[in-house]
Amino acid sequence: MVFNIDQDIKKLRLAITIVALLLMATVIIVAVHEFLRHRKTEVIELISCDQGADRCASCHQDQMLNGKTADAPLAHRLHNLNQISCSCCHGGTAQALVADAAHLWIGHDQQDSRMREPYIQESCVRCHTVGIKGSEQLQSGAAFYIGLGCALCHGGRANGADLNLAGPKLSTLTRQSASEIKQKIFDPGINSVMPSYRQSLTENVRATNELIMFVQSLTYKQTANAKTSAALWSCNNCHVGKGGSASGNYKHRCPSLAKFACANCHAEAKLNSSQECPRITQERPACGVCHQEVQ
């Protein structure tokens, strides 16, 4: 093979020039991308549910402006997004203006699970009772919490129904990660009086996640405008039919009371007594799992 040094040098120079231009173009593209990503925008600041600064709207104006469209998330359509801050539902580090930091669970190096469905449902309890439309998986988690007997040792949201608990009252603890809660549910520890629920839940991933989500929701303090005292009322306060008797056709939204309907026990679904149903009285301690005010 005959080498032509001049031609080979020219080809080498051309190749080096092309590579250099490609590298320069790549650097320019990355620089422009980073500039656009971090360019200064108008800082929009709302008050978070924790009374701190929430600057999420500075980058998410489109979601706020388009929150009432038919394909927008249910929570966006039902709330005034100019009054409620993003972090009230989505969590995150709301003071940050860079997504890499703003989307993190505050104080941790992992993304806040509430940024996506269904985990955002745990935030509903800040203002609503469990079972509100759009929180179906959180409601299912509450049913597991009651059914597994967790409330007997760890209580619920109510103050009056949580005396003499065998375990720590979960509503007084800080929010823990899903992996930490799962570890305690599956392996409480050799010296713990709490049983392991590994056998009951290990094959049901969805039930485990729903239970963990509900446990996380117990740590939220409800906002001042949240009204859950309906748990204290008698059925007849709201469901009064003809002649002053309660209607027997009402079906409870609460998963614990869903099987209770007046017509199951009362002929023609008519109640002539103004006293509370004894079955409801019996189940009332379970109301404290979801309701803040239960005596």
Side-chain angles (χ1 to χ4, degrees), residues 41-99 101-106 111-144 157 175 178 206 209-231 238-239 250-255 257-258 289-292:
T41 59
E42 177 188 1
V43 177
I44 301 175
E45 192 167 287
L46 300 174
I47 303 299
S48 73
C49 291
D50 299 319
Q51 300 303 306
D54 185 314
R55 303 187 178 103
C56 302
S58 304
C59 298
H60 293 284
Q61 294 184 55
D62 290 343
Q63 287 89 332
M64 296 181 67
L65 293 174
N66 299 323
K68 303 301 181 182
T69 59
D71 59 344
L74 177 66
H76 285 203
R77 286 181 272 131
L78 297 180
H79 293 93
N80 185 339
L81 301 182
N82 292 315
Q83 294 180 357
I84 184 171
S85 69
C86 301
S87 62
C88 285
C89 299
H90 291 283
T93 306
Q95 294 84 358
L97 289 171
V98 178
H103 294 173
L104 295 179
W105 178 18
I106 189 168
Q111 187 184 66
D112 200 315
S113 61
R114 290 166 291 182
M115 291 286 169
R116 60 189 186 277
E117 285 283 1
Y119 304 101
I120 188 177
Q121 294 183 19
E122 70 181 73
S123 298
C124 296
V125 297
R126 285 187 181 275
C127 302
H128 305 285
T129 303
V130 176
I132 195 75
K133 185 177 181 181
S135 66
E136 288 77 13
Q137 287 187 248
L138 183 66
Q139 182 181 25
S140 179
F144 280 114
R157 300 183 199 286
R175 184 173 183 263
R206 175 165 178 165
N209 291 337
E210 290 171 342
L211 176 60
I212 291 172
M213 190 194 316
F214 180 75
V215 170
Q216 288 177 315
S217 79
L218 284 172
T219 63
Y220 291 113
K221 300 297 183 289
Q222 292 194 317
T223 57
N225 65 340
K227 298 184 182 300
T228 62
S229 57
C238 298
H239 305 286
Y250 176 69
K251 294 183 179 179
H252 294 89
R253 184 179 66 192
C254 170
L257 301 178
V289 170
C290 300
H291 294 271
Q292 191 75 23

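Atoms considered below: every heavy atom in the structure, side chains included; atoms not considered: hydrogens, waters and symmetry mates.
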His90 NE2 to Ser85 OG distance, which is reported to the nearest 0.5 Å: 10.0 Å
Identify the heavy atoms of Glu45 and Ala53 that sit nearest to each other, and give their distance. CD-CB, 3.7 Å
Could you grab the distance from atom CD1 of Ile212 to atom CZ of Phe144, nearest 0.5 Å is fine? 12.0 Å
Looking at every non-hydrogen atom in both residues, tell me the closest pair between Val130 and Gln139 and how far apart they are. CG1-CA, 3.6 Å
Taken to the nearest 0.5 Å, the spacing of Ile120 CD1 from Leu138 CG works out to 12.0 Å
If you round to the nearest 0.5 Å, how far is SG of Cys86 from NE2 of His60? 6.5 Å
Ser48: partners by side chain to side chain donor-acceptor pair (under 3.5 Å), with sequence neighbours left out: none
Specify the closest pair of heavy atoms between Val43 and Ser58, including all atoms of both residues, with the distance to one decimal. CA-OG, 3.4 Å
Nearest heavy-atom approach of Trp105 to Thr93 is C-OG1, 4.2 Å
Of Arg126, Glu122, Arg157, Arg175, the one forming a side chain to side chain donor-acceptor pair (under 3.5 Å) with Ser217 is Arg157
Atom of Glu210, atom of Ser140 and distance for their closest heavy-atom approach: OE1-OG, 2.8 Å
Looking at every non-hydrogen atom in both residues, tell me the closest pair between Ile84 and His79 and how far apart they are. CG2-CB, 4.1 Å
Applying side chain to side chain contact (heavy atoms under 4.5 Å, CB included) to Ser123 and not counting sequence neighbours gives Cys89, Arg114, Tyr220
Once you round to the nearest 0.5 Å, how far does CZ of Arg206 lie from CD of Gln137? 4.0 Å
Show your working on side-chain contact (heavy atoms from CB on, under 4.5 Å) between Tyr119 and Asp112 and close with a plain yes or no. CA-CA 9 Å; Tyr119 304 101; Asp112 200 315; over 6 Å; no
